[in-house]
Amino acid sequence: MFFAALVAGPACRVAAYFIPSLTPPEKLSRKLVWGFCVSYGIYLLSVFLPDVIRPSAGASLMVLFGGSVVLVMALTAAPLNLPGGRAIIPANVRRVLLAIASIYFWLCYCLMALARISGPHRPDDFYGLSLCLMVVGLLARYADRWVSHKGAEGAHDSSGAVTAH
């Protein structure tokens with residue numbers, strides 16, 4: 001689920017760049033973030049519940065920080081509006097918070113995977129596959145940024161004015 005949430009949005013945008021009829025719906029990103037939050041929340045519960053009577057310090061910290069990441073991501077995935085229609089959290093602040101939460105999650109994921117691979121035990125196939133999927137996901141993100149940059153360049157004519165597609 002983590003990999004699908006990481007790659008689905010960029011893959012849809014890259015596909016839409018080459019085949020415009022495959023443009024993803026606007027609400028796809030929000031649903032992917034919420035799906036990610038639900039799956040990560042279930043994972044955190046599976047880590048915490050076996051030790052609920054006497055939780056270890058490591059499991060408690062992981063659940064605390066992981067739960068904070070899930071909470072920030074879920075709250076910033078969609079605009080929360082006041083009764084008058086004004087957003088509680090502005091769109092640019094939501095994007096920054098979502099980016100910080102995503103960066104924090106993937107940094108922790110990388111460090112845990114690398115610690116597992118380089119630790120005193122032998123790396124297993126799951127962590128090797130997990131690390132490869134993360135690299136593929138990062139490459140998909142880079143391809144998405146490249147395509148969006150190429151699309152922005154194509155939106156300017158020779159006089160520098162922005163043209164409509």
Among residues at least two apart in sequence or on other chains, which ones pass side chain to side chain contact (heavy atoms under 4.5 Å, CB included) with [X]?
X    : answer
I103 : none
A16  : T23, P24
V93  : I89, P90, L97
L133 : F3, L129

Table please: side-chain donor-acceptor pairs of residues 67-79 below 3.5 Å, with sequence neighbours left out.
residue	atom	partner	partner atom	Å
S68	OG	L64	O	2.9
T76	OG1	V72	O	2.8
T76	OG1	M73	O	3.3

**Request:** With rounding to the nearest 0.5 Å, note down the distance linking CZ in F65 to CZ in F105.
**Result:**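 Spacing of CZ (F65) from CZ (F105) equals 15.5 Å.
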Co-membership, hydrophobic cluster, residues W34 and I100, 4.5 Å side-chain | no
Would you mind writing out the side-chain donor-acceptor pairs for residues 6-14 within the sub-3.5 Å range, not counting sequence neighbours?
residue	atom	partner	partner atom	Å
R13	NE	D144	OD1	3.1
R13	NE	D144	OD2	3.1
R13	NH2	D144	OD2	2.8

